[in-house]
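Working notes, beginning with the structure itself.
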4 protein chains.
Amino acid sequence: MLEELNEFLNTFQKLPREKQLKILDAAAEAFASKGYYGSGIKDICERANISNGALYKYFLNKEELFIAVLDRCQQIMVEYLYEKHTKIESSILNAIEEYLKEIAEICGKFPAYLTVYANLGSPNMEMFSERFSERFKESGKYIYEMVREAKKRGEVIEGIDERALGFLIDNQFILFLYSMLSDYHEKRFRSFMVIEDEVELTSEKKIAFIMDSIRVFLNNKKEESYPVT
Amino acid sequence: MLEELNEFLNTFQKLPREKQLKILDAAAEAFASKGYYGSGIKDICERANISNGALYKYFLNKEELFIAVLDRCQQIMVEYLYEKHTKIESSILNAIEEYLKEIAEICGKFPAYLTVYANLGSPNMEMFSERFSERFKESGKYIYEMVREAKKRGEVIEGIDERALGFLIDNQFILFLYSMLSDYHEKRFRSFMVIEDEVELTSEKKIAFIMDSIRVFLNNKKEESYPVT
Amino acid sequence: MLEELNEFLNTFQKLPREKQLKILDAAAEAFASKGYYGSGIKDICERANISNGALYKYFLNKEELFIAVLDRCQQIMVEYLYEKHTKIESSILNAIEEYLKEIAEICGKFPAYLTVYANLGSPNMEMFSERFSERFKESGKYIYEMVREAKKRGEVIEGIDERALGFLIDNQFILFLYSMLSDYHEKRFRSFMVIEDEVELTSEKKIAFIMDSIRVFLNNKKEESYPVT
Amino acid sequence: MLEELNEFLNTFQKLPREKQLKILDAAAEAFASKGYYGSGIKDICERANISNGALYKYFLNKEELFIAVLDRCQQIMVEYLYEKHTKIESSILNAIEEYLKEIAEICGKFPAYLTVYANLGSPNMEMFSERFSERFKESGKYIYEMVREAKKRGEVIEGIDERALGFLIDNQFILFLYSMLSDYHEKRFRSFMVIEDEVELTSEKKIAFIMDSIRVFLNNKKEESYPVT
DNA sequence: GATGAATGAGTTTTCATTCAT
DNA sequence: GATGAATGAAAACTCATTCAT
């Protein structure tokens with residue numbers, strides 16, 4: 001079985017990187033907009049400009065293709081998000097803001113992949129999310145470290161557990177991410193920010209709104225409040 | 001068109017409540033475990049112990065059945081969550097804890113419905129989430145009020161925006177909810193709490209963990225810390 | 001089997017004539033517009049304002065209902081067409097013209113029944129047309145008699161076979177009938193008469209056109225030609 | 001939309017002609033014997049010995065398959081009937097007889113297609129007959145020309161309108177055609193010819209019977225009468 | 001006798017996967 | 001290795017007929 005899988009992977013790996021990405025991009029777009037069950041192989045092949053049969057030379061089946069897309073998601077997350085932020089150079093407040101900005105940026109660059117990734121949390125995706133569960137710990141660990149360092153530097157309010165604070169901050173990250181990808185969470189954001197449908201809700205505004213609350217328990221005076229609309 | 005819809009609804013409404021619920025439950029379970037596109041009518045009918053044709057006497061099509069399930073979700077949320085918490089009698093801290101406990105309880109009672117509801121946030125569910133977007137505002141408003149009252153009573157740290165704080169708290173609620181329903185979010189929780197796979201993660205532990213961080217910016221001294229495992 | 005059939009017929013016969021006709025009319029309209037296979041029982045019941053189950057008290061099944069409609073067709077034909085024309089009082093030319101006018105009239109009065117009847121000639125209706133085959137002979141016989149009488153009276157050109165002439169005239173009748181009911185045959189008529197789509201094609205014009213050719217071999221001078229448009 | 005249609009047509013066009021015809025033949029047979037609504041895709045595929053899915057690679061849906069059959073009908077009519085008779089070499093009487101013989105021949109060769117074509121006149125086929133209405137005019141025009149030429153040559157009785165005579169002759173053609181395809185019209189023919197059910201009614205006899213009446217107004221002496229049985 | 005909900009085999013259509021070229 | 005036609009099981013949905021009330 002594993003050998004068989006490798007056989008497929010090899011064929012795919014031998015393709016020029018450009019073509020590989022074209023196929024994964026096509027798949028990501030399909031999966032993002034219609035979900036795993038709603039997306040058809042035919043549609044993906046047309047988007048990728050390859051033949052139906054070719055796809056089955058590269059991947060054992062739809063499932064493996066989806067996993068390949070998830071791998072690419074992971075890659076993107078690591079390359080654009082985690083690796084960029086392994087070193088906390090400035091204050092935690094800045095680090096958090098940078099992180100949010102980065103999330104906004106990769107959502108702009110790779111909306112389809114991020115959407116697929118975000119959807120892994122859906123309860124009916126458990127069949128796939130299991131394979132990736134190990135990798136989440138990374139993200140958790142990074143934020144925990146960040147908070148611990150900050151606490152040492154006295155940047156954090158007294159008496160708060162590092163892990164609980166890390167979780168709280170990560171929750172902000174996650175729901176910020178979701179709001180960039182799903183209409184539902186975007187509307188929820190608007191609802192809390194009291195912004196009318198007609199007014200544009202930029203990611204900058206969202207970030208300011210989030211920072212406003214985080215700043216509090218990071219012992220900092222609010223310097224500039226999120227502007228009321 | 002509306003009359004046509006009514007024709008179907010009437011037939012369904014005339015059924016004994018018990019049978020209605022059996023059908024909706026069956027549908028909710030199917031949709032929860034396999035998603036909208038992955039679930040088949042045949043499977044749902046078998047779970048509900050009705051014939052294929054009967055379902056189409058009750059609902060115009062799969063879509064309308066799904067919407068009926070969403071309506072039931074809404075009902076449950078209102079009945080068990082919102083209505084129970086319209087009056088904040090004690091401190092906000094207690095209110096929040098009660099709310100979390102309530103979430104845990106209805107997740108235990110109606111996991112399928114809650115799962116379906118939570119999945120509305122998936123990007124490929126926009127076709128349905130639009131219909132329900134108005135209703136989210138309610139939940140947001142409730143929490144905002146709660147925070148505002150608490151602030152008046154001096155229960156909240158100085159200098160924090162009510163809306164931002166409300167959002168932050170609601171984020172905790174949402175991700176707590178998700179963690180009750182999705183393996184992915186459960187694992188993420190474990191990761192932050194540093195709990196091994198073998199150790200059971202009860203909802204009580206999760207609630208304690210969340211309360212630990214919330215307590216801080218509600219100006220309260222930490223009385224009892226979340227115990228490390 | 002026959003007893004069973006009678007059981008159904010009796011139930012139907014006991015209904016007030018008005019209700020009987022309402023049901024048959026509804027069925028005729030459905031069958032006329034969508035054909036036997038295309039028509040649904042539900043649709044017919046709604047048109048007739050009776051319940052689904054009631055229909056099955058009156059008729060064994062869809063097939064028997066269709067046959068009942070055909071019987072009513074037959075009745076109408078006999079009552080309005082054949083019985084009115086058993087006596088040829090005037091010249092055959094007048095008789096033919098009267099007959100055509102009568103066809104036009106009953107097509108106006110009972111378009112649905114006539115349509116169903118005309119459709120019996122469709123090759124995929126053989127299952128039903130067999131039962132009615134005996135009855136066609138009547139119509140043929142009537143026209144044959146008419147021609148024979150006319151020949152005796154010297155109204156018909158010399159040297160023509162009565163039966164062949166009868167057939168030729170009946171063909172005119174049949175295709176005139178079809179042209180009143182089917183778009184296809186109406187267009188064919190227009191094509192021969194060289195009438196544009198915008199110009200109305202009344203049955204009077206069609207009759208005049210047909211009479212124009214029939215008159216010839218009935219040894220009559222053309223008195224009034226069909227007016228060119 | 002047009003491109004989409006082409007996609008299907010192309011796949012079909014690429015098939016070997018033999019297979020194409022097998023599929024169209026199968027469909028024609030099904031549609032001829034059970035009508036459009038009565039025929040099932042499954043049945044057609046089995047007759048054609050192709051898989052269910054294959055059919056949907058060739059045609060968008062049942063409707064387009066039916067139209068393809070109609071196109072083939074048209075083709076057959078043009079190839080075997082119209083093209084053979086564009087030049088009237090001999091007398092009109094001969095031409096008519098030839099035409100009838102030709103009709104008999106193609107009915108023998110392609111009964112299913114001719115049946116489908118003939119059924120277009122059914123009132124519930126309007127949805128399809130519209131598309132083909134333009135083409136009927138051809139046939140009308142051809143006969144009109146034939147009559148006009150004959151009149152010039154003095155072959156036609158005096159005082160008869162070319163169009164009316166053309167229509168009359170075409171009616172004979174049409175009902176002769178119908179009698180080859182439908183039991184109902186065959187029986188009607190028998191009734192006029194006074195032929196018992198046991199006696200075989202060959203197309204030759206029918207043609208002789210028709211010619212017998214046509215001959216009259218074509219100014220010709222009856223040479224040999226249709227023999228009484 | 002009347003009702004209309006229930007049945008389930010049947011319909012058209014789709015789609016992941018296979019396979020001959 | 002690539003192609004795209006072929007497969008057929010399964011999907012959503014329909015409808016003639018039955019049956020409990």
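All values below come from the heavy atoms of this structure, side chains included, with hydrogens, waters and symmetry mates left out. Here is the naming used below: chain letters follow the sequence lines, and residue numbers restart at 1 for every chain.
With rounding to whole Å, Lys19(B) atom NZ is found 14 Å from dA20(F) atom P. Distance OH (Tyr58(C)) to P (dG1(E)): 9 Å, rounded to an integer number of Å. Rounded to whole Å, the distance from NZ on Lys42(A) to C1' on dT14(E) is 10 Å. Taking atom CG of residue Leu55(A) and atom P of nucleotide dC15(E), one finds them 15 Å apart after rounding to whole Å. In this structure, Gln20(D) places its CD atom 13 Å from P of dA5(F), rounding to the nearest Å. Atom NZ in Lys34(C) sits roughly 11 Å away from atom P in dA16(F) (whole-Å rounding). Rounded to whole angstrom, the span from the CD atom of Glu63(B) across to the C1' atom of dA11(F) amounts to 16 Å. In this structure, CG of Leu60(D) is placed 13 Å from P of dC15(E), rounded to the nearest angstrom.
Of the candidate nucleotides dT18(F), dT12(E), dA5(F), dT18(F) has the atom nearest to the side chain of Tyr56(C). The side chain of Ile41(D) lies closest to dT13(E), out of dT13(E), dT17(F), dC13(F). Distances from the side chain of Asn61(C) to the nucleotides dG8(E), dT17(F), dT17(E) place dT17(F) closest.
OP1 or OP2 of dG1(F) lies within a sub-4.0 Å distance of a side-chain N or O belonging to Thr11(A). Between Lys57(B) and the phosphate of dG4(E), there is no side-chain N or O to OP1/OP2 separation shorter than 4.0 Å. Side-chain nitrogen and oxygen atoms of Lys62(C) include at least one within less than 4.0 Å of the OP1 or OP2 phosphate oxygen of dA16(F).
Nearest-nucleotide positions on DNA chain F for Ile50(D) and Ser39(C) put Ile50(D) closer to the 5' end. Heavy-atom nearest nucleotides on DNA chain E were determined for Asn52(C) and for Gly40(A), and the one closer to the 5' end corresponds to Asn52(C). Residues Tyr36(D) and Ala54(D) each lie close to DNA chain E; by heavy-atom proximity, the contact nearer the 5' end of the strand is made by Tyr36(D).
Smallest separation of non-hydrogen atoms from Tyr184(C) and Ser129(D): CD1-CB, 4.0 Å. Here the closest heavy-atom approach between residue Pro111(C) and residue Thr115(C) is recorded as O-OG1, 2.7 Å. The minimum heavy-atom distance between Ala30(B) and Asp43(B), with the atom names listed, is CB-OD2, 4.0 Å. When every heavy atom of Lys62(C) is checked against every heavy atom of Ser39(C), the shortest pair comes out as NZ-O, 2.9 Å.
Side-chain rings of Tyr36(A) and Phe128(A) approach one another, their centers coming within less than 6.0 Å.
Within 4.0 Å (heavy atoms only), Leu15(B) reaches sugar-phosphate atoms of the nucleic acid but no base atom.
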Which dot-bracket notation, 5' to 3', represents the base pairing of DNA chain F when pairs are defined as Watson-Crick or G-U with both distances under 3.5 Å, crossing pairs as [ ], and inter-strand pairs as |? .||||||||||||||||||||
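Checked by atom type, the side-chain pair Tyr113(A)/Asp25(A) shows a donor-acceptor distance below 3.5 Å. Counting only N and O atoms by type, the side chains of Tyr37(B) and Asn124(B) include no donor and acceptor under 3.5 Å apart.
Aromatic ring pairs are classed by plane angle as parallel below 30°, tilted from 30° to 60° and perpendicular above 60°; the pair Phe12(D) and Tyr58(D) is tilted.
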